[in-house]
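For reference, the structure is listed below as structure tokens.
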Amino acid sequence: MVVPTAGRPIGLGNGSSPEAAIVAAAGVLKGKQATTVGKCALDITQVGGKYVEKPLVVDGNLISCGTWHDYDTQFMKIFIRQLKDTAKE
């Protein structure tokens with residue numbers, strides 16, 4: 001599967017089930033480490049990703065956090081920095 005966002009940052013935040021399912025369906029989780037709320041861990045693992053129980057996980061261009069409470073981690077700063085970096089390319 002060719003993903004049109006290849007190389008672009010992908011933010012998986014808030015831990016909502018639809019969000020995790022959409023990122024999973026896009027095929028970008030295979031072989032990646034990511035976090036989300038525990039109830040959505042299956043959305044990551046069933047498509048070949050590795051669920052990590054941490055507030056913030058960065059794996060290449062995939063930036064994920066567990067819940068909206070984790071937005072005060074480096075989640076937004078890293079995501080915006082990667083957006084800026086890819087815009088220069």
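Worth saying up front: this structure is predicted, and the values here are computed from it rather than measured.
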Do you know the tightest heavy-atom contact between A24 and V47?
-> CB-CG2, 4.0 Å

Is the backbone N or O of L56 less than 3.5 Å from a side-chain atom of T35, with the two atoms forming a donor-acceptor pair by type?
-> no

To the nearest 0.5 Å, what is the distance between CG (L42) and OG1 (T36)?
-> 11.5 Å

CG on N61 to NZ on K32, rounded to 0.5 Å | 4.5 Å

State plainly whether one hydrophobic cluster holds both L83 and V58, where clusters connect Ile, Leu, Val, Met, Phe, Trp and Tyr through side-chain heavy atoms under 4.5 angstrom apart.
-> yes

For atom CD of Q46, decide whether the heavy atoms of other residues, nucleotides or ligands shown that lie under 6.0 angstrom number more than 12.
-> yes

Closest non-hydrogen atom pair between A34 and S64, with its separation | CA-OG, 3.4 Å

To the nearest 0.5 angstrom, please state how far the CD1 atom of I10 sits from the CG atom of D59.
-> 10.5 Å

If every non-hydrogen atom of L62 is compared with every non-hydrogen atom of L29, which pair is closest and at what distance?
-> CD2-CD2, 3.5 Å

Honestly curious: do I63 and V57 fall in one hydrophobic cluster under the side-chain, below-4.5 Å linking rule?
-> no

Closest heavy-atom contact between Y51 and G38?
-> OH-CA, 3.6 Å

For G60 and Q82, the nearest pair of non-hydrogen atoms, with its separation, is O-NE2, 3.2 Å

Indicate the atoms forming the closest heavy-atom contact of L12 with F75, along with that distance.
-> O-CE1, 3.8 Å

Hey, what do you get for OG1 (T45) to NZ (K50), rounding to the nearest 0.5 Å?
-> 12.0 Å

